[in-house]
Number of protein chains: 2
Amino acid sequence: MANVSIRDVARHAGVSVGTVSNVLNRPDAVSPDSVTKVQAAIEALGYVRNEAARKLRAGVSATVGFVVLDGQNPFYYDVIRGAEDEASRHGIAILYGATDEDVKRERVYLDLFEEQQVRGLLIAPYGDVNRRLERLRERGIGAVLVDRFSGENKFSSVSVDNVAGGRMAVEHLVATGRRRIAFVGGPFEMRQATDRLAGARVAAEGAEVPVDLEVIATAAMGVADGAAAGERILRRRAAERPDAVFAVNDLVALGLLQSLVGDRRVMVPEEIAIIGFDDISFAAAAAVPLSSMRQPSKVIGMTALRVLLEEAADPDLIPRQTVFQPELVVRRSTDPHR
Amino acid sequence: MANVSIRDVARHAGVSVGTVSNVLNRPDAVSPDSVTKVQAAIEALGYVRNEAARKLRAGVSATVGFVVLDGQNPFYYDVIRGAEDEASRHGIAILYGATDEDVKRERVYLDLFEEQQVRGLLIAPYGDVNRRLERLRERGIGAVLVDRFSGENKFSSVSVDNVAGGRMAVEHLVATGRRRIAFVGGPFEMRQATDRLAGARVAAEGAEVPVDLEVIATAAMGVADGAAAGERILRRRAAERPDAVFAVNDLVALGLLQSLVGDRRVMVPEEIAIIGFDDISFAAAAAVPLSSMRQPSKVIGMTALRVLLEEAADPDLIPRQTVFQPELVVRRSTDPHR
DNA sequence: TGAACGTCATGAAACGTTTCAAGCGCGTTC
DNA sequence: GAACGCGCTTGAAACGTTTCATGACGTTCA
């Protein structure tokens, strides 16, 4: 009862299994007559293709793995949604794994996805996965790095220009009159952090006025880390506090905001301006609406999936790095200094 | 080069394929000697099990589908993370699909997952999927409803007691001195909304003082819907505004908060108190830290997956409804009335 | 008229695994 | 010493699909 196979469909339609398969996969190689008969049979029997058998025989998989570094960050959910949109257009499902900056889990997921023989892998990596990814590629599973530029050009990547973003953020702070700027973020094993900081340095050094840039390191990139950094700033005497903060991402910025204005000890943006990165949807809804560097997150996901599929279809393509430009979104948290 | 099969392992270890399979699946039915030989061969050749073939033959799948209604709501991220934790413990991967309250997409994903022959389905439904789910069950694919009590007892579900949550929220508002309370939420096709409202009514009617409860309906449950509702409240004369709002979830509450305090027109909690539902991590980081009804989201995900696996193992289990109690989390947005 | 060709349909082989009946070797029991 | 049981291994069958060599049939062209 339960399982209708292609054989049943063939019998019901009065054709061979080969023909049914062709109707499913290359309808043009089949007479219109057969197509209608087969489709009627499929309808009548409620046939659903068995993806496992298809994968086994054809070696082509209808799943793609997505490994995300930081399952707390809404930014990645937008990326996934972009990838999903594109995937469902191709009849492809997404296997999802959040690793929470845990290298061991990252490996578990890669193993799992390898067994599943995914068509390819989208990965926002934390650990050093290059070796692992190369091994997967030997097995025919390609990968596209998301939100991280692939240094050695071994893999394609889709990301945003973090250096430019950092530069633009600090230029904006300088343009609104700030001179003592703190970069809050970390850990610096993460390219996102180092690149954004590098951009910030460029802007600080290139400014026409003298600008101080200090670095306040955080252990991770969550709300709690931002709040902790805020506490550290609050412990200083007012004169020694920065007059603006560039946070490595919006979560950190929100944490900062919360601790700074929470006890109404510091006015934002009057005493300290804050700008974040990512422009997650909560940035606009924050206590003080948060300025941020917007990433085209859905487009990143969509593009990454598209690149992945293209490379899976033609493994000889050389890796390419797609880099989008971030966009400055100004809100109240960086209102100009009076 | 690329693909090492069980046959290659068998040859390399000097045993039969059957033995290799047994080492993989029931090591106790095999002599220790064979086990070590086979494991050595697996190691040497870098063998990885082909999940497609396994699924085809054994009919048992190592994937579970998770269909989420509202990909914007961080609450579901936590649910997924709970499910993931449990899944990876069983070597199971999660196929993820966010439908964004789009009935058509919901169907697309169900189709996709049916082709993939997932072991089962976790679903936070939007549309009326009961018929579809029953058909899937006939095919051997069970489902567990997440975050929604299954009315007719046809499927197991894991959710939170929304009626109790609504009651507790309004009781809290009344206890802190509010008397003119608005429920902001919708659409009322969604059980979450109707149940929370029902609970609110119980509290309002059971209060020892007269309490007004009005309903401000929203089209959906996102930040924008909350902000729109806030605008409507702002258009009223001050005397006609509620003195407290119970929002159907935190996103709506954040939107409300943003529009109410955004232009500093209304003081929260002094003029209007706000309480939300879910206790997403941004609730604590809001402009005015938000009181909320906390759901044990990770536990919900974990439990749902566990129930799903149990039912997949033994299809004769009767459906069971697991209901957790929400917990009141008090923050500044409902500071007592003076 | 016959060769050549194009269009379709056919059915068996193959993908890599699990399962299972059968068999082997060896020790134990009557 | 035959019969039996036990622990383990074996190899072929089966899962449902795609692929591909083969061939049937009809049309075109020299």
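Sequence lines set the chain letters: A, B, ... in the order given, protein chains first and strands last, and positions in each chain run from 1.
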Problem set entry | Nearest-0.5 Å distance that lies between atom CG in B:Asn73 and atom CG in B:Asp78 | 9.5 Å
Seminar exercise, completed: Per-nucleotide protein contact along nucleotides 5-13 of chain D, 5' to 3', at a 4.0 Å heavy-atom cut-off (B base, S sugar-phosphate only, - neither), is ---SSBB-B
Atom of [X], atom of [Y] and distance for their closest heavy-atom approach:
{"X": "A:Pro319", "Y": "A:Ser156", "answer": "CA-OG, 3.3 Å"}
{"X": "B:Ser5", "Y": "B:Tyr47", "answer": "C-CE1, 3.8 Å"}
{"X": "B:Phe155", "Y": "B:Ala143", "answer": "CD2-O, 3.7 Å"}

Distance, rounded to the nearest Å, where [X] contributes [atom1] and [N] contributes [atom2]:
{"X": "B:Leu24", "N": "C:dT17", "atom1": "CG", "atom2": "C1'", "result": "10 Å"}
{"X": "B:Ile6", "N": "C:dT18", "atom1": "CD1", "atom2": "C1'", "result": "8 Å"}
{"X": "B:Arg26", "N": "C:dT17", "atom1": "CZ", "atom2": "P", "result": "15 Å"}
{"X": "A:Gln116", "N": "C:dT17", "atom1": "CD", "atom2": "C1'", "result": "14 Å"}

Exercise. Should the pair A:Tyr77 and B:Tyr77 be assigned to parallel (<30°), tilted (30 to 60°) or perpendicular (>60°) ring geometry?
Worked result: parallel
Exercise. Short question: side chain of B:Arg119, backbone of B:Ser61 - any donor-acceptor pair under 3.5 Å?
Worked result: yes
Exercise. Do A:Ser31 side-chain atoms and A:Ser34 backbone N/O form a donor-acceptor pair below 3.5 Å?
Worked result: yes
For this session: Please work out if B:Ser21 contacts a base, only the sugar-phosphate, or nothing of the nucleic acid, heavy-atom cut-off 4.0 Å.
Result: base
Exercise. In terms of side-chain heavy atoms of B:Leu56, which of D:dT19, C:dT18, D:dG16 is nearest?
Worked result: D:dG16
Exercise. What residues in residues 42-54 of chain B put a non-hydrogen atom under 4.0 Å from any atom of DNA chain C?
Worked result: B:Tyr47, B:Arg49, B:Asn50, B:Ala53, B:Arg54
Exercise. Would you call B:Glu84 and B:Lys298 a salt bridge, taking side-chain N to carboxylate O under 4.0 Å as the test?
Worked result: no
